[in-house]
Structure formats: structure tokens, C-alpha cells
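Side-chain atoms are counted along with the backbone in the values below, which use heavy atoms only and exclude waters and symmetry mates. Quantities reported herein were computed from a predicted structural model and do not represent experimental measurements.
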Amino acid sequence: MLNISIVLYKTPREQLMPLLEELYKIRSLNRIYLIDNSPVESEELLSLPLPVVYIFNNANLGYGRAHNIAIRESIYDEIDYHLVINSDIEVKATDITTLLDFIEQHHEVGQIIPRVIYPNGEMQYVAKLLPTPLDVFGRRFLPKCWMKKRNSQYELRESGYNRPMNAPYLSGCFMLFRTEAVLQARLFDERYFMYPEDIDLTRTIHRDWLTLYLPTVTIIHHHAKESYHSLRYLWIHIANMCRYFNKWGWFRDKERDLFNYQVLKELNRQYN
């Protein structure tokens, strides 16, 4: 069985309905949780013509902390799989079933993300190495030409994104978890308001499970990149990345070095 959670913040009903209608076609679906971080409870979402569980927090709890509300329900109800998905995703129910069939058949897999593209068909590089401070801040504040080669390696672009990859950082826009794996990793770290919680959780799961990019399924993500357009979100991004590096290490992170080495070694083996 599968539970799904979507965190909302002033999300219009018209954006949400096509996704919900598709998700309700999944044959193994148990429950969909709408976790609303908006300042005002939504009458529109309370009156949806679909049987969702709507939870209004009356506060903006942040991304990971809000999803944890639903993930704990999946753990309590012993639901096998939990999908964290953004409201700006386009996906077919049959494709989610394909991913569920794969993870069901591969018991060593703890987390999956499919191939992700923009609406114009451009690739989103959603499987990455664990970042160093230079990877995070250099790509934001240094000239692109200085970071081009390093950024290509960080985003594993040389892989071609046409084969499965066991990467230690998978984007948070679509995170299909084996519930046992996310429980073992102790869920999202609630100290992050938003941004690095997906890095943190994936790398923790990666210690004991495969965390896979699987290109056999493609979804569309209308990625807004708020921190590139808003000083407020930029500050939130910087503050939370500082929390991440304070936790794991700024310049000395042995686990990061090991995981990144293993990924690059395996890609080198496959493509040479």
C-alpha cells in the first residue's frame, strides 16, 4: 500500500486538482495527505470532491516537518511505501505503479526518483553528489564559467542520465520511500525550514539502502526556483545550508568523501 503527502502553501485548487485526480487512479493507493502550511485555512481544499486527509497547521512549519506529519501516519499504519511529491508535478498513475513494482521487487532499494524534466522537455539534474560549500555557494555567487566543470560533476551530467544511478542526494520534488527505510533514517530533520532536508534524508538512507535515480519513468516538474528570484528565499536557502554544513561538516566530511567517491567510481566503471 502507498500513502502520499503534499505540502501546500497558498496553493490554488486549480493547480492541485489535475495531480490529485491522477494520483487517485493508483491501484495500491491508501491515502493522500494534504498538509497545509498556509496562513489561512482553505475552504476550497476542505470541499474537494476527493477523499483526501486535509491537515491545516495554522503555521508555516517548513517542508520536512510538515511531511513528517503524514510519514508518521504511514509508519503507525504500517504502510509499505510513502511518496513525498510537490504540487507542481505532472505524473501518470501508471508510472507511479511502475516505480512501486520496481521497489517491491528490489528489497535493497530505500528511495527512488524518476527522470524529471521541465515542461519544455529540458532535463532536471535531480541525482547529485553530496555538496561541498563550494558546490552550493559557488554556483550561486561565482561566474558560471568558473563552476561549469565542477557543477557538471556535482550534477553527474556525464552519466547522460540514461541509466539507473545510486546517488546519495536525490531531489525532494518526488521522493518515493520504502517506509522502513525512512523510519530507520528518523524521517526529515526538522531543524531545516526548507532546501537541504532532501540532501540530509537521502544521504542518511543511502548509508543502508540504495537511493536510486530510475530513468525508466519520466515526470514533469514546474520548478519555480524561488531562491533565484526572491531575496527572502535566498536568505532562507543560505541559512539552512549553513545548518546542514554545521551538522555534517563544512570542509571535513568523511562520509561525503566516501559516498561521492563510490558514485564516481561506479559511473567511471560503467562508462569506460
Side-chain angles (χ1 to χ4, degrees), residues 62-65 67-68 71 75 82 84 103 106-113 116 124-140 142 147 149-159 161 163-214 236-272:
Y63 185 83
R65 186 178 174 192
H67 274 298
N68 279 349
I71 295 172
I75 293 168
H82 188 101
V84 164
I103 197 171
H106 296 81
H107 300 286
E108 71 279 16
V109 176
Q111 180 183 341
I112 291 177
I113 192 170
V116 183
Q124 292 186 29
Y125 298 100
V126 293
K128 302 181 182 72
L129 299 177
L130 293 177
T132 66
L134 179 59
D135 294 318
V136 172
F137 300 114
R139 60 193 274 153
R140 294 301 304 268
L142 295 178
M147 293 295 297
K149 184 175 180 180
R150 186 180 184 94
N151 193 52
S152 178
Q153 177 175 273
Y154 170 57
E155 295 183 330
L156 302 173
R157 295 192 182 205
E158 291 186 6
S159 70
Y161 271 70
R163 296 185 189 181
M165 289 188 287
N166 181 31
Y169 167 19
L170 303 179
S171 170
C173 68
F174 185 106
M175 306 175 85
L176 176 59
F177 297 116
R178 187 182 300 275
T179 307
E180 179 186 353
V182 77
L183 171 61
Q184 186 176 340
R186 299 185 179 181
L187 291 68
F188 285 108
D189 187 331
E190 298 185 1
R191 287 174 289 184
Y192 306 116
F193 181 73
M194 62 189 302
Y195 293 116
E197 65 281 297
D198 51 357
I199 313 174
D200 186 284
L201 183 53
T202 304
R203 71 177 287 170
T204 306
I205 293 174
H206 189 77
R207 288 171 170 169
D208 301 296
W209 305 79
L210 298 184
T211 50
L212 285 187
Y213 162 77
L214 202 63
I236 291 171
H237 196 168
I238 292 172
N240 283 275
M241 287 309 307
C242 288
R243 290 189 182 98
Y244 172 84
F245 288 120
N246 285 340
K247 175 180 178 178
W248 294 102
W250 285 78
F251 304 106
R252 295 189 63 184
D253 181 346
K254 291 183 179 179
E255 185 175 72
R256 174 180 67 203
D257 295 342
L258 175 62
F259 286 171
N260 289 351
Y261 170 78
Q262 289 173 336
V263 173
L264 294 174
K265 181 180 178 182
E266 177 60 21
L267 290 178
N268 210 22
R269 185 190 67 78
Q270 290 181 11
Y271 291 94
N272 292 302

Practice prompt. Taking the side chain as every heavy atom from C-beta outward, state whether Phe177 and Leu201 have any pair of such atoms under 4.5 Å apart.
Written response: yes
Item to complete: To the nearest 0.5 angstrom, please state how far the CZ atom of Phe193 sits from the CZ atom of Arg65.
Response: 10.0 Å
Worksheet item: Who are the ring-ring contact (aromatic ring centres under 6.0 Å, His included) partners of His67, not counting sequence neighbours?
Response: Tyr63
Fill in: Contact summary for His107 and Trp209, nearest pair of heavy atoms
O-CZ3, 3.3 Å
Practice prompt. List the steps, then state whether side chain to side chain contact (heavy atoms under 4.5 Å, CB included) holds for Ile199 with Met241.
Written response: CA-CA 10 Å; Ile199 313 174; Met241 287 309 307; 4.2 Å; yes
Worksheet item: With a 4.5 Å limit on heavy-atom distance, are the side chains of Glu190 and Asn68 in contact?
Response: yes
Fill in: Glu155 and Arg157 ion-paired at < 4.0 Å
yes
Worksheet item: If we only count heavy atoms from C-beta on, is the Thr132 to Arg256 side-chain gap below 4.5 Å?
Response: yes
Practice prompt. Report the distance from atom CD of Gln184 to atom CZ of Arg178, rounding to the nearest 0.5 Å.
Written response: 11.5 Å
Discussion item. Is it true that Arg243 and Asn240 share a donor-acceptor pair across their side chains at a distance under 3.5 Å?
Written reply: yes
Worksheet item: When you measure from the side chain of Asn268 to the backbone N and O of Leu264, does any donor-acceptor pair fall under 3.5 Å?
Response: no
Worksheet item: Can you find a heavy atom in the side chain of Leu187 that is under 4.5 Å from one in the side chain of Ile75?
Response: yes
Discussion item. I need the Arg203 CZ to Trp248 CH2 distance, nearest 0.5 Å.
Written reply: 4.5 Å
Item to complete: Check salt bridge (Lys or Arg N to Asp or Glu O under 4.0 Å) between Asp189 and all other residues, then give those that pass, not counting sequence neighbours.
Response: Arg191, Lys247
Worksheet entry | Donor-acceptor contact present, side-chain Arg150 to main-chain Arg139, <3.5 Å | no
Item to complete: Decide side chain to side chain contact (heavy atoms under 4.5 Å, CB included) for Leu210 and His106; before the verdict, give the C-alpha distance in whole Å, the side-chain angles of both, and the deciding distance to 0.1 Å.
Response: CA-CA 10 Å; Leu210 298 184; His106 296 81; over 6 Å; no
Worksheet item: About how many Å separate OG of Ser152 and OH of Tyr125, when rounded to the nearest 0.5 Å?
Response: 8.0 Å
Discussion item. Has Tyr161 got a side-chain atom pairing as donor or acceptor with Ala127's backbone, closer than 3.5 angstrom?
Written reply: yes
Practice prompt. Using the six-membered ring wherever Trp is involved, compare the ring planes of His206 and Phe259 and label them parallel, tilted or perpendicular (cut-offs 30° and 60°).
Written response: perpendicular
Discussion item. Show, in sequence, the C-alpha distance, side-chain angles and deciding distance for Phe188 and Ile71, and conclude whether the side chain to side chain contact (heavy atoms under 4.5 Å, CB included) test is met.
Written reply: CA-CA 9 Å; Phe188 285 108; Ile71 295 172; 3.9 Å; yes
Discussion item. Rounded to the nearest 0.5 Å, what separates atom CG in Asp253 from atom OH in Tyr244?
Written reply: 6.0 Å
Discussion item. I need the Ser159 OG to Gln153 CD distance, nearest 0.5 Å.
Written reply: 12.0 Å
Worksheet, complete the sentence: Minimal heavy-atom distance between Phe245 and Pro131, with the atoms involved, is CE2-O, 3.4 Å
Sequence neighbours excluded and cut-off under 3.5 Å, please list the side-chain donor-acceptor pairs for residues 165-176, or say none.
| unit_1 | atom_1 | unit_2 | atom_2 | d |
| --- | --- | --- | --- | --- |
| Asn166 | OD1 | Thr211 | N | 2.8 |
| Ser171 | OG | Cys173 | N | 3.3 |

Fill in: Contact check, side chains of Leu267 and Glu158, non-hydrogen atoms, under 4.5 Å
no
Discussion item. Evaluate Gln111 against Thr202 for side chain to side chain contact (heavy atoms under 4.5 Å, CB included), listing each step before the verdict.
Written reply: CA-CA 8 Å; Gln111 180 183 341; Thr202 304; 3.2 Å; yes
Worksheet item: Taking 4.0 angstrom as the limit, do Arg207 and Glu255 come out as a salt bridge?
Response: yes
Worksheet item: Between Gln262 (side chain) and Asn260 (backbone), is there a donor-acceptor pair under 3.5 Å?
Response: no
